[in-house]
Amino acid sequence: MSNNQPEWPEPIIRVQSLSKSCKDSIPERYIKPSTDRPSISSSSCDDVDANIPIIDLGGLYGDQDTQASILKQISDACNEWGFFQIINHGVSPDLMDKARETWRQFFHLPMEVKQQYANSPKTYEGYGSRLGVEKGAILDWSDYYYLHYLPLSLKDYNKWPAMPPSCREVFDEYGRELVKLGGRLMKVLSINLGLEEGFLQKAFGGEDIGSCLRVNFYPKCPRPELTLGLSSHSDPGGMTMLLPDNQVPGLQVRKCDNWITVKPARHAFIVNIGDQIQVLSNAIYKSVEHRVIVNSDKERVSLAFFYNPKSDIPIEPIKELVTPCRPALYPTMTFDEYRLFIRMRGPRGKSQVESLKSPR
């Protein structure tokens, strides 16, 4: 990003500190408009008690019929939900637990240690507590840590926490495994779109992709009905693999104008389509709005790993998916350009990618 970007418009207050000092109320700037609060439901939906699909990736290595079944399950999930959970995905359960708990330890370090890694809107990399630079914006009830993993030119160990001692080693291993998993899922998505299995990967830049981690920390909140841990948004990147907090549900996915609270399966990753795949697929696959609610009794930690296109590669609808009946819906834009567009404004539902649509 350009070095001309502004600093934060107001002093940063860590939500974790607010959680310890606020007993019966929360500051006004964290209180959402009544229509955006977790208790609001805009209409009824038959799926209100449903859970996003849980898919056993082990079937991809079975016989042809089993493989075909798994491919269809993923295709249906992408079309109906934009979200699905995967089990038997090849990442060690021990590594998943270690990654989550190592980052939980980081957020419980003394504030002066964490403040050494305070971030800015120039890159967002490091320890943060807000998104967007709009002065006076209503903020989310969360802190986070954002890190680049790929490309190697952006991988800066000095911006990774040195404490707890295992943090860098754990994240390096975790990143390697998630990049491999992302590559396998990209092949599946390509096949389901009727393309060669390496098509989406090539559109992302081949091996020269971008990937990053956002660790979300949602402290206890005395008035969870008034706020959100993360406002409604669709993910701006390509694909997200989320390691949730198995003990405390919080992710909600919009479906049929209702918010469905995801019930995490043990040692599963929650996968969702991002805006870049929506553009590449010419909206055959759509990114979906989601948000995070908070809890009055328990904190939450989750790890969102973003599998993104190379930052300067042009992203546009794949020509094989453009027809006279389905013309190209989006202009060409690099991920860097789109990311800057998002970062300046903060989470705003699906309005960001939809605003790019060409008039038909």
Side-chain angles (χ1 to χ4, degrees), residues 52-62 66-67 69-75 77-78 81-103 147-152 155 169-193 195-216 235 237-246 251 262 264-274 276-277 280-281 285 287 290 301-310:
I52 62 173
I54 300 173
I55 299 171
D56 187 343
L57 283 196
L60 288 176
Y61 308 101
T66 305
Q67 289 178 25
S69 173
I70 299 302
L71 289 172
K72 185 176 186 305
Q73 288 177 50
I74 294 175
S75 179
C78 288
W81 287 88
F83 272 81
F84 53 95
Q85 298 191 66
I86 51 173
I87 58 174
N88 292 324
H89 38 65
V91 180
S92 158
D94 287 344
L95 177 60
M96 296 170 75
D97 291 341
K98 188 186 299 182
R100 189 195 301 106
E101 294 314 308
T102 298
W103 280 103
L147 283 175
H148 289 292
Y149 188 74
L150 290 176
L152 291 175
K155 190 176 183 180
E169 178 184 344
V170 169
F171 177 48
D172 240 343
E173 182 182 359
Y174 186 79
R176 283 194 299 272
E177 292 301 312
L178 269 290
V179 168
K180 288 191 287 188
L181 176 58
R184 292 197 293 272
L185 290 170
M186 291 284 277
K187 290 179 181 179
V188 171
L189 297 181
S190 294
I191 293 169
N192 281 340
L193 287 169
L195 306 166
E196 294 290 331
E197 69 171 30
F199 205 106
L200 281 179
Q201 189 71 46
K202 184 177 179 181
F204 267 40
E207 294 184 2
D208 195 16
I209 63 157
S211 61
C212 48
L213 176 76
R214 179 181 150 123
V215 185
N216 305 296
D235 287 347
M239 177 174 58
T240 305
M241 292 165 279
L242 178 76
L243 176 59
D245 191 317
N246 286 328
L251 174 65
V262 175
R266 183 166 174 75
H267 292 132
F269 285 106
I270 298 171
V271 179
N272 65 280
I273 300 299
Q276 303 303 300
I277 286 182
L280 284 166
S281 72
Y285 290 157
S287 58
H290 51 287
V301 176
S302 67
L303 281 64
F305 192 87
F306 303 106
Y307 194 94
N308 295 329
K310 186 174 182 285

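- Taking Lys310 as the reference, Asp208, Asp312, Ile313 meet the side-chain contact (heavy atoms from CB on, under 4.5 Å) condition, with sequence neighbours excluded.
- The backbone N or O of Leu71 sits less than 3.5 Å from a side-chain atom of Asn192, completing a donor-acceptor pair.
- Under the 3.5 Å distance criterion, the side-chain polar atoms of Asn88 are left unmatched by any main-chain donor or acceptor of Leu57.
- Scanning both residues, Pro244 and Pro264, for their nearest heavy atoms gives CG-CB, 3.7 Å.
- Applying side-chain contact (heavy atoms from CB on, under 4.5 Å) to Gln85 and the options Ile270, Val271, Ile55 leaves one that passes, Ile270.
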- request: Would you check, one step at a time, whether the test side-chain contact (heavy atoms from CB on, under 4.5 Å) holds for Val179 with Phe305?
  value: CA-CA 9 Å; Val179 168; Phe305 192 87; 3.9 Å; yes
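- Side-chain N/O atoms of Tyr307 and Gln201 include a donor and acceptor closer than 3.5 Å.
- Side-chain polar atoms of His267 and Asp97 form a donor-acceptor pair below 3.5 angstrom.
- Ser211 is linked by a side-chain hydrogen bond (donor to acceptor under 3.5 Å, both in side chains) to nothing, counting only residues two or more places apart in sequence or in another chain.
- Within the model, atoms CD1 of Ile277 and OG of Ser287 stand 10.0 Å from one another, a figure rounded to the nearest 0.5 Å.
- We find the CE-CG distance between Met241 and Leu213 to be 10.5 Å, quoted to the nearest 0.5 Å.
- Between the OG atom in Ser69 and the CG atom in Leu60 there is a gap of 10.0 Å [rounded to 0.5 Å].
- Pairing each heavy atom of Met96 with each of Leu243, the nearest pair is O-CD2, 3.3 Å.
- Judged by distance alone, with hydrogens and angles left aside, the side-chain atoms of Gln67 form a donor-acceptor pair with the main-chain N or O of Gly62 at under 3.5 Å.
- Scanning both residues, Pro309 and Gly238, for their nearest heavy atoms gives CD-N, 4.2 Å.
- Side-chain contact check for Thr240 versus Arg214: every heavy-atom pair is 4.5 Å or farther apart.
- Counted within 6.0 Å of CD on Glu207, heavy atoms from surrounding residues, nucleotides or ligands total 12 or fewer; the atom is thus considered open.
- Between the side chain of Asp245 and the backbone N or O of Val301 there is at least one donor-acceptor pair closer than 3.5 Å.
- Ile86 pairs in a side-chain contact (heavy atoms from CB on, under 4.5 Å) with only one of the listed residues (Asp56, Ile54, Leu185), which is Leu185.
- Among all heavy-atom pairs drawn from Ile209 and Gly206, the shortest one is CG2-O, 3.2 Å.
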message: Please evaluate residues Ser92 and Tyr174 with respect to the criterion side-chain contact (heavy atoms from CB on, under 4.5 Å), reporting the C-alpha separation (whole Å), side-chain torsions for both, the decisive distance (0.1 Å), and the verdict.
response: CA-CA 9 Å; Ser92 158; Tyr174 186 79; over 6 Å; no
field: Verdict with reasoning, Leu251 to His290, per side-chain contact (heavy atoms from CB on, under 4.5 Å)
entry: CA-CA 7 Å; Leu251 174 65; His290 51 287; 4.0 Å; yes
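- Glu173 contributes no side-chain N or O that, together with a main-chain N or O of Leu95, makes up a donor-acceptor pair within less than 3.5 Å.
- A donor-acceptor pair is defined here as one N or O able to donate and one able to accept, closer than 3.5 Å; no such pair exists between the side chain of Thr66 and the backbone of Gly59.
- The distance from atom CZ of Phe306 to atom CG of Leu178, rounded to the nearest 0.5 Å, is 11.5 Å.
- Residues Tyr149 and Phe171 bring their aromatic ring centres within 6.0 Å.
- Every residue meeting the side-chain contact (heavy atoms from CB on, under 4.5 Å) condition with Lys180, not counting sequence neighbours, appears here in chain and number order: Glu177, Arg184.
- A heavy-atom distance below 4.5 Å is found between the side chains of Ile273 and Leu189.
- More than 12 heavy atoms of other shown residues, nucleotides or ligands fall within 6.0 angstrom of atom NZ in Lys155.
- Of all heavy-atom pairs between Phe83 and Pro53, the closest is O-CD, 3.7 Å.
- We find the CE-CG distance between Met239 and Leu181 to be 7.0 Å, quoted to the nearest 0.5 Å.
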task: I would like to know whether Leu193 and Leu200 meet side-chain contact (heavy atoms from CB on, under 4.5 Å); could you show each step before the answer?
output: CA-CA 10 Å; Leu193 287 169; Leu200 281 179; 4.2 Å; yes
